[in-house]
Amino acid sequence: ELFGGDYWTRTSDLLRVNIQVTGETGEGDGIDSNGYLVINGGVVTAAACAESGDAGIDATAGITINGGTVIAEATCDAITTGYGGTITINGGDVTAIGGVNNFAEDLNRVIPGNGIGPYESGSVTINEGTVKATAKGEGFGIGGARIYNTGAMTVTINGGEIEATANRNNAAIGDRGKGKSGVTITDGVIHATGKGGAAGIGSKDDIRITGGELTVSAEGSGAAIGGFTDSHSERVNCKSITINGNVIQSISSKDGACIG
């Protein structure tokens with residue numbers, strides 16, 4: 001389903017489609033699926049109506065990106081799923097900017113505005129590709145949840161080139177889920193920056209880093225890796241942090257801990 005203003009499509013081969021959706025008026029996500037959405041290639045650009053509080057790309061059950069160029073922008077989450085949904089990136093060039101001009105107080109409705117993250121609980125897995133994810137408002141760059149988290153939330157990075165930023169609270173990469181949650185990084189070149197009260201990499205549960213090349217910074221009160229301030233201005237402490245090997249290329253925090 002395509003919601004918003006004008007759009008155009010062009011099929012260049014069986015697995016590629018170019019789609020541009022700009023929601024200039026009305027309400028609705030830029031691209032919306034009530035099931036699974038799979039992007040295998042081509043160019044996909046999706047932006048929800050700036051006043052609607054909807055997502056750039058939203059698929060209830062899950063989203064898989066195997067290749068192509070994907071650009072999503074929204075006041076809400078840029079790329080998101082329904083409750084317990086999965087987001088998997090296996091390749092391609094993905095840019096996601098959430099929380100654009102959104103500093104809403106009603107967090108039940110909107111929505112801190114994650115770059116890439118599910119509606120409430122679920123998972124984000126990045127295996128390959130180039131990913132740039134930004135939370136302009138109160139969200140996570142990669143991970144998190146749009147509303148109160150009542151279930152497990154995991155972020156797993158196994159490869160790729162990742163650049164993630166959280167501009168106010170929460171974390172550039174992270175979660176605040178309940179139950180078996182946390183962040184696992186096994187490989188990849190990762191740059192994570194937290195601003196304000198945000199951490200570079202943060203979790204309410206476990207952070208496990210066993211590989212990759214990481215440059216992590218917190219430019220405010222958050223830890224570079226560890227705790228942060230969430231969207232309710234409450235402090236979130238990390239349960240445990242495990243780092244194996246010479247994976248940290250650079251780490252810094254202005255007013256918080258580098259690790260903790």
Does one side chain, of [X] or [Y], offer a donor that lies under 3.5 Å from an acceptor on the other?
X: S221; Y: D255; answer: no
X: T130; Y: D93; answer: no
X: N90; Y: N66; answer: yes

Determine whether [X] and [Y] make a side-chain contact, defined as any pair of heavy atoms from C-beta on separated by less than 4.5 Å.
X: P118; Y: Y83; answer: no
X: V183; Y: D175; answer: yes
X: V43; Y: I71; answer: no
X: I79; Y: V94; answer: yes
X: I209; Y: T242; answer: no
X: T86; Y: T125; answer: no
X: T215; Y: I190; answer: no
X: D58; Y: I31; answer: no

- Task: Not counting sequence neighbours, which residues clear side-chain contact (heavy atoms from CB on, under 4.5 Å) with D206? List them please.
- Result: K180, R208, K239, S240

Shortest non-hydrogen contact from [X] to [Y]?
X: S252; Y: C258; value: CA-SG, 3.9 Å
X: G141; Y: A135; value: N-CB, 3.9 Å
X: S121; Y: A152; value: CB-O, 3.1 Å
X: A218; Y: A224; value: CB-N, 3.9 Å
X: G220; Y: S253; value: O-OG, 4.1 Å
X: A55; Y: T80; value: CB-CG2, 3.6 Å

- Message: Please check if the number of heavy atoms outside N246 that lie under 6.0 Å from its CG is greater than 12.
- Response: no

- Query: Hey, is R168 close enough to E138 for a salt bridge, meaning N to O under 4.0 Å?
  - Reply: yes

Atom pair [atom1] ([X]) and [atom2] ([Y]), whose distance is rounded to the nearest 0.5 Å:
X: R176; Y: F140; atom1: CZ; atom2: CZ; value: 5.0 Å
X: H191; Y: S250; atom1: NE2; atom2: OG; value: 9.5 Å
X: I39; Y: T64; atom1: CD1; atom2: OG1; value: 9.5 Å
X: T75; Y: I97; atom1: OG1; atom2: CD1; value: 13.0 Å
X: N158; Y: I126; atom1: CG; atom2: CD1; value: 9.5 Å
X: I207; Y: I201; atom1: CD1; atom2: CD1; value: 7.0 Å

- Item | Residue among V155, T134, V131, I63 satisfying side chain to side chain contact (heavy atoms under 4.5 Å, CB included) with I116 |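 So, applying the side chain to side chain contact (heavy atoms under 4.5 Å, CB included) to I116 and each of V155, T134, V131, I63, only V131 qualifies.
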
- State which residue, out of T186, I173, D187, T184, fulfils the side chain to side chain contact (heavy atoms under 4.5 Å, CB included) condition with I157. I173

- Within the side chain of S181, is there an N or O that forms a donor-acceptor pair under 3.5 Å with the backbone of M153? yes

- Kindly determine whether T88 and N127 satisfy side chain to side chain contact (heavy atoms under 4.5 Å, CB included), including the steps that lead there. CA-CA 8 Å; T88 304; N127 295 315; 4.0 Å; yes

- Shared hydrophobic cluster for V247 and V189 (ILVMFWY, side-chain gaps under 4.5 Å):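 In one cluster: no.
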
